[in-house]
2 protein chains.
Amino acid sequence: MQNNKVTIHDIAKALNLDSSTVSRALNDSPRVIQKTKDIVLAKATEMGYQRNHLASSLRKSKTNTIGVIVPRISRHFFSSVISGIEETAYEAGYTVIICQSLEQFNREKKIINTLMGQRVDGVLMSISMETKDYKHLEVLKKQGIQLVFFDRHCDIPNYSNVLIDDFNSGFEATEHLILKGCKHIAHFSGPQNLEIYKNRFKGYKHALSKHGLPFEEALVFPSKLMEEDGRKNSEKLLALPNPVDGIFSANDVAAIGAIKYLTSNGVKIPEDIAIVGFSNEPISTVINPALTTINQPGIEIGKAATALLLRQITKENDALDAQTIIMDSNLIERQSSKK
Amino acid sequence: MQNNKVTIHDIAKALNLDSSTVSRALNDSPRVIQKTKDIVLAKATEMGYQRNHLASSLRKSKTNTIGVIVPRISRHFFSSVISGIEETAYEAGYTVIICQSLEQFNREKKIINTLMGQRVDGVLMSISMETKDYKHLEVLKKQGIQLVFFDRHCDIPNYSNVLIDDFNSGFEATEHLILKGCKHIAHFSGPQNLEIYKNRFKGYKHALSKHGLPFEEALVFPSKLMEEDGRKNSEKLLALPNPVDGIFSANDVAAIGAIKYLTSNGVKIPEDIAIVGFSNEPISTVINPALTTINQPGIEIGKAATALLLRQITKENDALDAQTIIMDSNLIERQSSKK
DNA sequence: CTGTTAGCGCCTTCAC
DNA sequence: GTGAAGGCGCTAACAG
């Protein structure tokens with residue numbers, strides 16, 4: 001019965017109506033009497049009608065589609081964010097196109113073009129690590145396409161950011177250790193060209209100074225988000241003259257490496273050394289009950305960013321001011337650690 | 001200079017050409033002389049032209065878009081698959097629309113409609129757990145939209161599946177334990193209405209029988225993919241008259257619960273009890289060096305499924321036969337476990 | 001309340 | 001090798 005590609009014209013013909021009336025009926029326009037709507041709707045389902053969004057979007061120049069650009073979908077933090085984005089978008093009747101930059105500037109550029117070609121109504125993105133220059137984003141503004149950044153701060157005037165309060169997270173993580181009685185707290189830092197790691201580091205220093213502990217350069221160990229770093233850092237750390245009794249790791253991968261190395265070398269966690277690590281991956285939550293984690297609220301960030309973007313899309317006229325939303329990450333203590 | 005919404009007509013006007021020539025030039029048609037192409041292309045970039053895919057797709061009734069339906073994006077296995085899908089699709093010039101069913105049949109139904117409305121060229125899906133009835137998928141076939149299932153087998157004639165060899169994985173996991181010297185191996189099973197868990201269970205039984213070990217119903221513990229199950233099962237398991245010396249868990253969440261419970265009750269892993277668990281999440285790879293894992297090749301599945309789908313889309317005429325691709329999962333031993 | 005008309009931007013016959 | 005014309009399916013004026 002129902003066949004390939006039924007259009008509003010087919011319905012109109014079958015009902016001796018005009019296609020515009022059918023269109024209005026299907027869009028629940030107040031300018032069509034209820035009875036007509038019922039008839040049209042019944043016929044439409046009977047004939048297996050499927051609205052063609054392409055045509056509709058073309059006509060309305062509104063696609064109800066948003067583009068999402070993340071460095072890598074399979075990183076748990078980003079997939080959580082996407083999950084939140086999809087949910088909020090779905091509820092609002094929006095479709096989501098997902099792209100991954102793989103941290104490559106060129107891919108990012110090409111993706112922007114693709115999304116423009118798809119005529120998305122807005123874009124949510126976490127800028128790639130390689131990106132230092134933002135010219136490729138100007139076209140979006142020129143076309144009136146809304147853009148909201150999440151997770152990775154991007155300082156372009158008039159654009160909104162949805163971020164995690166890394167300074168505060170670093171501060172809380174470190175203070176947590178201090179309150180547990182730690183006196184010599186090491187810091188495994190991340191790449192210092194990234195704001196998030198800089199801020200966590202600042203939070204660490206601030207907590208130390210607030211509690212009257214000295215900041216020692218020797219206790220700061222760089223790391224490149226590899227387990228190997230965690231192992232090597234731990235090795236050096238055990239060789240220090242003053243024994244360390246706490247570690248705040250700005251990234252969980254290094255924390256994992258550290259835990260593996262330390263435990264296999266007879267160090268008890270958290271009795272000898274307490275550790276707090278960020279959890280970008282669900283890994284941390286189970287790797288060791290002794291690891292206290294700072295959880296990144298991916299889903300919430302996704303929802304907040306999407307809600308903001310949709311607000312900007314719909315209120316495009318009296319353009320919303322750019323704003324920065326700061327989400328709190330939450331410290332989750334797995335075990336009453338330490339002393 | 002470049003402004004809002006440049007169309008091929010604008011380019012044509014600026015060049016004293018016809019829009020059709022511009023269109024052909026931009027599509028690199030052989031029916032346009034090279035010189036013209038160069039001029040058009042130059043002007044296009046100069047004016048900041050962006051092809052409108054909506055219009056193009058509408059005209060060609062081909063969107064170069066594929067829809068993906070997964071139960072939940074943030075589950076690591078699925079985000080890996082999506083990652084693979086996105087990569088392969090991107091290379092082939094396709095855009096990917098992601099949707100999550102959240103295991104709900106109604107959402108799945110609605111998503112199918114949305115994707116049809118978006119006129120996707122094909123769909124990749126992992127059917128929701130709630131879905132028992134496949135009528136809502138018939139429209140796809142009726143509209144000639146290609147469909148490939150992945151991970152969760154779906155037995156509808158003429159549709160392809162890309163799956164993991166669960167029987168073999170279950171077999172290998174169990175055999176691994178046997179070869180390590182285990183004599184009493186428990187099995188934490190998953191929901192038996194799902195093929196994958198049934199097959200892992202079968203693999204378990206087959207390994208036992210192959211090696212002359214008795215199958216004992218009492219050693220099979222149901223689980224619903226919750227840590228809690230793992231804990232409860234472990235509790236029961238410790239109370240058995242014959243001590244268990246190995247566990248093959250069909251899902252890693254239960255395995256994690258088990259490890260937490262067992263280690264906190266003084267059981268040494270793998271010395272007392274060796275464990276092999278599936279790793280849907282990266283969790284397992286680090287939770288305990290003693291946990292041997294069976295890794296699900298998400299990215300590879302995504303790539304294979306996409307490649308297959310694209311082949312079906314492009315060779316639509318002499319329709320490809322439905323096929324089933326079986327991917328091997330690989331057992332990763334974290335430590336020379338046991339005895 | 002419903003019909004008429006026009007066009008969103010592109011591609012594709014068909015002419016020349 | 002290029003131009004002219006028409007239409008993909010839908011919606012938004014403008015009528016009546």
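Reminder, nothing fancy here: chain letters follow the sequence lines and each chain counts from 1. Treat the numbers as computed from the prediction; the structure is a model and nothing was measured.
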Under 3.5 Å, which donor-acceptor pairs do the side chains of residues 297-308 of chain A form with other protein atoms, sequence neighbours left out?
residue, atom, partner, partner atom, Å
Thr306(A), OG1, Gly302(A), O, 2.6

Check: Among all residues two or more places apart in sequence or in another chain, which pass the side chain to side chain contact (heavy atoms under 4.5 Å, CB included) test with Ile196(A)?
Finding: Asp166(A), Leu194(A), Arg200(A)
Check: Residues two or more places apart in sequence or in another chain: which of them pass salt bridge (Lys or Arg N to Asp or Glu O under 4.0 Å) with Glu130(B)?
Finding: none
Checklist line | Protein-nucleotide distance (Ile8(A), atom CD1; dG3(C), atom C1'), rounded to Å | finding: 13 Å
Check: What does Leu17(B) touch in the nucleic acid at a heavy-atom separation under 4.0 angstrom: a base, only the sugar-phosphate, or nothing?
Finding: sugar-phosphate
Next item on the list: Can you tell me the distance, in whole Å, between the NE2 atom of His9(B) and the C1' atom of dA4(D)?
Entry: 11 Å
Item checked: Nearest-angstrom distance from the residue atom CG of Asn16(A) to P of dG3(C) -> 9 Å
Check: Have Gln104(A) and Ser128(A) got a donor and an acceptor in their side chains that come within less than 3.5 Å?
Finding: no
Next item on the list: Figure out the CD/C1' separation between Gln50(A) and dG9(D), and round it to whole Å.
Entry: 14 Å
Check: Which of the following nucleotides, dG9(C), dA5(D), dC10(C), is nearest to the side chain of Tyr49(B)?
Finding: dC10(C)
Item checked: Euclidean distance, atom CZ of residue Arg51(B) to atom C1' of dG9(C) [Å, nearest integer] -> 11 Å
Note to self: By the 4.0 Å heavy-atom rule, please label Thr7(B) as base, sugar-phosphate, or nothing.
What the structure shows: sugar-phosphate
Check: So which nucleotide from dC10(C), dT12(C), dA12(D) ends up closest to the side chain of Ser20(A)?
Finding: dA12(D)
Check: Rounded to the Å, how far apart are Lys5(A) NZ and dC8(D) C1'?
Finding: 11 Å
Next item on the list: Name all residues meeting the side chain to side chain contact (heavy atoms under 4.5 Å, CB included) criterion together with Lys109(B); count only those two or more places apart in sequence or in a different chain, and write none if there are none.
Entry: Phe105(B), Asn106(B), His136(B)
Notebook entry, point to check: For Thr21(A) and dG3(C), is the shortest distance between a side-chain N/O and OP1 or OP2 below 4.0 Å?
Noted result: yes
Notebook entry, point to check: Do any of residues 24-44 of chain B sit with a heavy atom less than 4.0 Å from DNA chain C, and if so which?
Noted result: Arg24(B), Asn27(B), Arg31(B)
Checklist line | Residue whose closest nucleotide on DNA chain D lies nearer the 5' end, Ala55(A) versus Lys60(A) | finding: Ala55(A)
Notebook entry, point to check: Mind checking what makes salt bridge (Lys or Arg N to Asp or Glu O under 4.0 Å) contact with Arg24(A), not counting sequence neighbours?
Noted result: none
Check: Atom CG of Asp18(B) and atom P of dC10(C): how far apart are they, to the nearest Å?
Finding: 13 Å
Check: Would Lys135(B) and Glu138(B) pass as an ion pair if we require N to O under 4.0 Å?
Finding: no
Item checked: Touch class at under 4.0 angstrom, heavy-atom based, for Ser61(B) against every strand present -> nothing
Checklist line | Between dC8(C) (C1') and Asn52(B) (CG): distance, integer Å | finding: 8 Å
